[in-house]
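Computed from a prediction, not measured in an experiment: that's the story for all the values here.
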Amino acid sequence: MADAVSFSFSDTIAGYVVRFDSGARLLRLKTSDGREFEVSLAGDPSAELVRNLDEPYIDASGHIDEMLSPGRFLFVYGVHYPEHGGRFDAKRLVFLGRGAEDYRFEEGSWWIKQIESLADFYKRAQFGDGPVDFTEYRTEIRLGGDKTASHVQETDTISRLVYGMASAYLLTGKDEYLEVAERGTEYLRKHMRVVDGEEDVVFWYHGISVDGDSERKLFTSEFSDDYDAIPMYEQIYALAGPIQTYRVTGDVRIKNDADATIRLFDKFFFDPEQGGYYSHIDPILFSADHESLGENAERKNWNSVGDHAPAYLINLYLATGDQKYADFLEYTFDTIADRFPDYKNSPFVQERFFRDWSHDKAHSWQQDRAVVGHNLKIAWNLMRMNSLKAKPAYEELARKIGEIMPAVGSDVQRGGWYDVVERVKDGDQETYRFAWHDRKAWWQQEQAILAYLILNGTVGGEANLREARQAQAFYNTFFLDHDEGAVYFNVLASGTPYLLGTERLKGSHSMSMYHSAELCYLAAVYNNLLINGREMDFHFQPDPTGLPDRILRVSPDLLPAGSVRIASVEIDEKPYTDFDADALTVRLPDVQGRVKVKVRLRPTAMK
């Protein structure tokens, strides 16, 4: 195999400057795992500064020599030639900041500006310049924001859009985003919600098919993995957008829907004998073991056990402080910490199970494969939960995932995080094989960024900070679509956008602003409040009469106790002083109707 790479190819190197010989035009780069590459700049490559959505191209081609200082992290895209043992000619350089220690995505407003751009893109794509009319909503959105011929409206994608718009309002206070969130929530309640009075539960349709003025309800999932069943994750994500909206408005009807949906989970998805939640039930008997479910019968997985927390449950607790939600969260994370680790066999968690928690290694597409992002998602959410109720098992597992994953789930040469890989190596294999491809999905980058940001913000560590910066760098360099807006679904290993099939779309069964907006919201929170010691403003618009004791809870996430305080409050643009700075609560005035609340939070360790 000596001549296996005896051909030219284009690729990316992500690395730290070791040295630069300006006269010879030779750059020495070291990757995150310590390998060194020599890069020729003799061909006059272009250079640029990483830029946010809606920012113009920032040319740095005339500043290359002075910016290539030792220790600086950057991306180099170029061409490999096999001659003389290998030569890499740079064609494009991307710098992450003006100074060697600067990372633009750590600017206080970076992620807030990005979520505004995302919200503007999706609002324009779905509703144009007209009124916010959800009868015009479509699940499928093309690359530039145009709608496809498909007239299907999926419940979860509407909910994900609502989540994004509510998050954008929380960070910006722009009423246009809250209008979309509230109208979307009302549309979900009117068209997708089913109230079962006999069972005292709420469940949600998969969606509706729209044909002119008529609509056809789609009761069971139309997605191939879950066809003709009611999957738990669709019921979970139906709550994501409304509950984020509830944090802003305190609309008790939304909370009632959530409570009724949780009753659905406990009555029909919960396994009282073996514990945990089933992944699917059949649509007739609401049974988890019906033969019509096929390979989904009596199965449990990450989505059914763990996705409660990030999708809606943490936000429901933040909005209410209700102990029953804290107990549900504790049960969820105890189950994860107990059942998911499988480190005697693999560096990746096990995430599919039979009823008795034995491992399901032959299920559909997953087989004995790992979704890299699910491992990172577990670490991120364990550290959130650890701030609510600290347990050694939570922090130990989160730290272990954080330490193990870079070597087996990340691309240590190009940057970024992979998708699905085999959980075990076969024979003499030295690396974990990709299931289908080496592409990188936007949502898995989000999980890496948030996992390492919160690890660094809570337990510290230069390694966690380095991984967080590298992940943010890759995402902001390669996933932002500066031509059409929003973010790409997938990129190739090198960072080049992958624009085929459903992965060409900006709206699909899998994509509708949720993960990109969640990333913006929480990356802003973690970067500013936990790591860089900066104040942040958050916006709410509740009716005081709808909140118990008129108490508005304003904690932006599950953060370490005492790490953040309220610095100031404004109500209807006037200073207001009736708040508990340490408890992160505001006692609203005794008035009728909604009020606009702006809360400034200050890290207790201000920089």
Side-chain angles (χ1 to χ4, degrees), residues 152 154-160 188-189 191-209 216-240 242-243 256-313 316 328 331-332 335-336 339-340 351-360 362-366 374 509-510:
V152 172
E154 290 191 27
T155 298
D156 283 8
T157 58
I158 293 179
S159 181
R160 287 170 168 135
L188 287 169
R189 299 188 76 249
H191 295 268
M192 279 72 169
R193 183 184 60 137
V194 181
V195 179
D196 187 332
E198 185 173 335
E199 295 287 353
D200 191 28
V201 299
V202 159
F203 62 91
W204 304 83
Y205 289 127
H206 169 78
I208 58 178
S209 179
R216 178 172 61 88
K217 306 288 188 183
L218 303 174
F219 182 29
T220 58
S221 181
E222 300 273 298
F223 191 56
S224 58
D225 289 1
D226 318 293
Y227 189 76
D228 206 25
I230 301 176
M232 167 72 100
Y233 78 90
E234 289 192 0
Q235 301 298 307
I236 284 173
Y237 278 99
L239 297 176
I243 292 303
N256 292 340
D257 287 341
D259 286 335
T261 308
I262 292 172
R263 290 196 293 273
L264 172 84
F265 298 152
D266 289 338
K267 283 190 175 185
F268 299 107
F269 286 92
F270 182 65
D271 179 358
E273 297 176 358
Q274 302 282 350
Y277 290 84
Y278 293 115
S279 62
H280 296 75
I281 58 176
D282 84 282
I284 304 302
L285 301 178
F286 279 22
S287 169
D289 62 0
H290 195 271
E291 62 182 12
S292 67
L293 294 172
E295 66 179 344
N296 287 322
E298 291 191 299
R299 298 299 203 277
K300 300 164 186 176
N301 60 25
W302 156 255
N303 297 108
S304 67
V305 174
D307 254 348
H308 298 272
Y312 74 90
L313 192 52
L316 188 54
F328 189 179
Y331 177 78
T332 296
T335 304
I336 291 169
R339 300 295 186 179
F340 282 64
E351 54 184 278
R352 285 193 183 268
F353 307 90
F354 294 103
R355 180 184 180 184
D356 64 358
W357 294 102
S358 58
H359 295 175
D360 182 359
H363 189 279
S364 183
W365 57 266
Q366 187 150 24
H374 287 170
H509 171 79
S510 303

### Task
Could you tell me whether Phe270 and Phe328 have their ring centroids closer than 6.0 angstrom?
no
## Note on the structure
NE2 of His290 to CG of Asp282, rounded to nearest 0.5 Å, is 5.5 Å
### Message
Once ring-ring contact (aromatic ring centres under 6.0 Å, His included) is applied, do any residues pair with His191, and if so which ones, sequence neighbours excluded?
### Response
Tyr187
### From Ile243 atom CD1 to Leu316 atom CG, the distance as rounded to the nearest 0.5 Å
4.5 Å
### Task
Please find out if less than 6.0 Å separates the ring center of His359 from that of Phe353.
yes
### Task
Measure the CG-CD distance between Asp228 and Glu222 for me, rounded to the nearest 0.5 Å.
9.0 Å
### Message
Counting the benzene-type ring for Trp, do Phe203 and Phe268 have ring centres under 6.0 Å apart?
### Response
no
#### Entry: CG-CH2 distance between Asp156 and Trp204, expressed to the nearest 0.5 angstrom
10.5 Å
### Query
For the side chain of Tyr331 and the backbone of Gly276, is there at least one donor-acceptor N/O pair under 3.5 Å apart?
yes
### Message
Using the side chain to side chain contact (heavy atoms under 4.5 Å, CB included) criterion, which residues pair with Asp289? Sequence neighbours excluded.
### Response
Ser287, Glu298
### Mutual orientation of the aromatic rings belonging to Trp302 and His374 [parallel < 30°, tilted 30-60°, perpendicular > 60°]
tilted
### Summary
Closest heavy-atom pair, Ser221 versus Glu234, reported as atoms and distance to 0.1 Å, is OG-OE2, 2.9 Å
### Query
Going by the angle between their ring planes, with limits at 30° and 60°, are His308 and Tyr277 parallel, tilted or perpendicular?
tilted
